[in-house]
Protein chains: 2
Amino acid sequence: MENSAALGRAETQREDGRLVRGEATRERVLDAAERLFAERGFDGVSIRQIAGEAGVTLGVVGFHGGSKLDLFKTILERRVATLNTERRRTLAELRSRRAAATLRDLLAAYMAPYLEIASGGDPQWRAYARLIARIVSDDRWYEHVRDLYDPVAREYLDAILEIAPGVDRERLVTAFVLSVASMLSIVASTIRIAGLSVDESQSGRAVPGNVLDYRETLIDYCAGGIERAVPGLPR
Amino acid sequence: MENSAALGRAETQREDGRLVRGEATRERVLDAAERLFAERGFDGVSIRQIAGEAGVTLGVVGFHGGSKLDLFKTILERRVATLNTERRRTLAELRSRRAAATLRDLLAAYMAPYLEIASGGDPQWRAYARLIARIVSDDRWYEHVRDLYDPVAREYLDAILEIAPGVDRERLVTAFVLSVASMLSIVASTIRIAGLSVDESQSGRAVPGNVLDYRETLIDYCAGGIERAVPGLPR
DNA sequence: GTCTATATGTAGATAGAC
DNA sequence: GTCTATCTACATATAGAC
């Protein structure tokens, strides 16, 4: 396996900051891969389909993305820095306030960046959000996802432990991980929620809402869940 | 697409109840498919691999399972009746008691059958539990899973509405669906919980616990979450 | 940088021998 | 019932022309 970071990057930017043609093509390939992987998963997509979606030929995908596995990992990694930075920013902002942060504040700060991208206007970021929601249930990507996401998760766990020292770490971790799973599941669950929300007798079709419609319910749910499951947390 | 129920069932049982040879082979094929689909998903498995795992040849899988899609749906459906029956039994048992059931009772009753199979001794049932946990994040199977599982989910939602009439149905549904997602995620999350539970400074390797170790934490979390997210529920 | 052409393997499905 | 053989399509990957 080659170093994917070096692939297809003979040049990257011109002095004036505009992208060279190769870089624009590379973006098109990665964007197409991101959309398709999000929709159908790693095994459900062929490189040919990615090439077709990107409007390039087969060889071009190989040139810019390397092997299929390289390409997939590149997609996973590409947006992590932005998300991590944003989560660290919201955490720092919380810490800079006079009043001590509550558990709900911390949860909201962790979730806000993800919920924004999952429901925002950029279809590529939305695809990335769906992709992450999809792969957490697959052991195959566990180590990779862990390396990318757990460092910031640890910072938040430490912040929670600051406001509730003496709390059992494993219980807190369990409840926190359940909360992250709850957050990710909302992306795929809006359809099911809509379906179960209409009464059986109603003939009207269920219309799934936007992720943001469930935002407050989600955060309430997670905060209430953690506080119940972890004895010793302040209320 | 053919009627898969008719495939490979020229004969099923002898008068004395023992399985004929064809039925035993069919079981081997379905069991192998169940294990592999659970591990790698629909697109990650080839019919040839299933044949190899089952110790039969390619044609035999086609004979007993029909097309790959038929086979997958058969796997999804095969164990639903058992699970639904068990959930209805725990609900009925709860209703037969003198004291009114609490939300936590109802949640525990709904989750118990799944948690049992996810952690029990039968590897095939465990595989099925993992398979269900995997496919809920995939829109592709939504309608199928809905038809199989939502009827019983509605019965539980109605039972909750009985003890808390006047509650906003959509908020309750949202919180309930989040709880189901939490339950399913625990299967895949024990590794991540173990990883985040050890302090960064510790060099000791993280050892994931059994699903049952997290059972009480999970149910507390879900009950606390629903009660927080749905105003008007009795505490 | 991009594209064509192709090497090499594997996919799902099934017809027909046993 | 089971297995062999084979059809057709599509997979990943890459070498080399432009």
Side-chain angles (χ1 to χ4, degrees), chain A residues 1-14 18-33 36-37 39-75 140, chain B residues 1-14 18-33 36-37 39-75 140:
Chain A
M1 195 182 311
E2 296 180 63
N3 176 4
S4 69
L7 288 165
R9 287 192 168 179
E11 344 164 46
T12 52
Q13 278 194 322
R14 269 203 270 269
R18 285 188 306 117
L19 298 175
V20 299
R21 187 160 69 113
E23 192 64 10
T25 304
R26 182 183 145 91
E27 293 263 305
R28 288 234 312 289
V29 169
L30 296 185
D31 286 354
L36 290 175
F37 281 142
E39 224 56 67
R40 299 176 224 167
F42 180 79
D43 295 307
V45 176
S46 72
I47 297 184
R48 289 181 146 79
Q49 291 172 319
I50 294 170
E53 175 85 6
V56 300
T57 52
L58 196 57
V60 178
V61 177
F63 177 76
H64 285 294
S67 76
K68 189 181 178 183
L69 192 61
D70 287 339
L71 178 56
F72 190 76
K73 288 184 177 173
T74 301
I75 297 299
R140 182 180 192 179
Chain B
M1 195 183 308
E2 296 180 63
N3 177 4
S4 70
L7 288 165
R9 286 192 167 178
E11 344 166 46
T12 53
Q13 279 195 321
R14 269 203 270 269
R18 286 187 305 116
L19 298 175
V20 300
R21 187 161 69 115
E23 192 64 10
T25 304
R26 181 186 146 92
E27 293 263 304
R28 288 234 314 288
V29 170
L30 295 185
D31 286 354
L36 290 176
F37 282 141
E39 224 56 68
R40 297 176 225 166
F42 180 79
D43 296 305
V45 176
S46 71
I47 297 183
R48 291 181 148 81
Q49 290 172 321
I50 294 170
E53 175 84 7
V56 300
T57 53
L58 195 56
V60 178
V61 178
F63 177 77
H64 286 293
S67 75
K68 190 181 178 183
L69 193 60
D70 287 338
L71 178 57
F72 190 75
K73 288 183 177 174
T74 301
I75 297 299
R140 184 181 191 177

In short, F37(A) meets I75(A) closest at the heavy-atom pair CD1-CG1, 4.3 Å
Residues Q49(B) and G44(B): closest non-hydrogen pair is OE1-O, 3.7 Å
Closest heavy-atom pair, G55(A) versus R28(A), reported as atoms and distance to 0.1 Å, is O-NH2, 3.6 Å
Original post:
With a non-hydrogen cut-off below 4.0 angstrom, is V45(B) in contact with a base, only sugar-phosphate, or nothing?
Top reply: sugar-phosphate
Is a salt bridge present between K68(B) and D43(B), judged by a nitrogen-to-oxygen distance below 4.0 Å? no
Whole-Å distance, E23(B) CD to dG1(D) C1', equals 12 Å
To the nearest angstrom, the CZ-C1' distance between F42(B) and dG12(C) comes to 10 Å
Separation of dA13(C) atom P from K68(B) atom NZ, nearest Å, is 8 Å
- [ ] Considering just the side-chain nitrogens and oxygens of T25(A), establish if one lies under 4.0 Å of OP1 or OP2 belonging to dT2(C).
- [x] yes
Whole-Å distance, L58(A) CG to dT2(C) P, equals 15 Å
Of the candidates dA13(D), dA13(C), dT2(C), the side chain of S67(B) sits closest to dA13(C)
Rounded to whole Å, CD of Q49(A) lies from C1' of dA11(C) at a distance of 13 Å
Here the distance between atom P of dT14(D) and atom CG of L71(A), to the nearest Å, is 14 Å
Q) Under 4.0 Å between a side-chain N or O of S46(B) and OP1 or OP2 of dA11(C)? A) yes
Between CZ of R28(B) and C1' of dT2(D) the distance, given in whole Å, is 11 Å
F63(B) CZ to dG16(C) C1', in whole Å, measures 14 Å
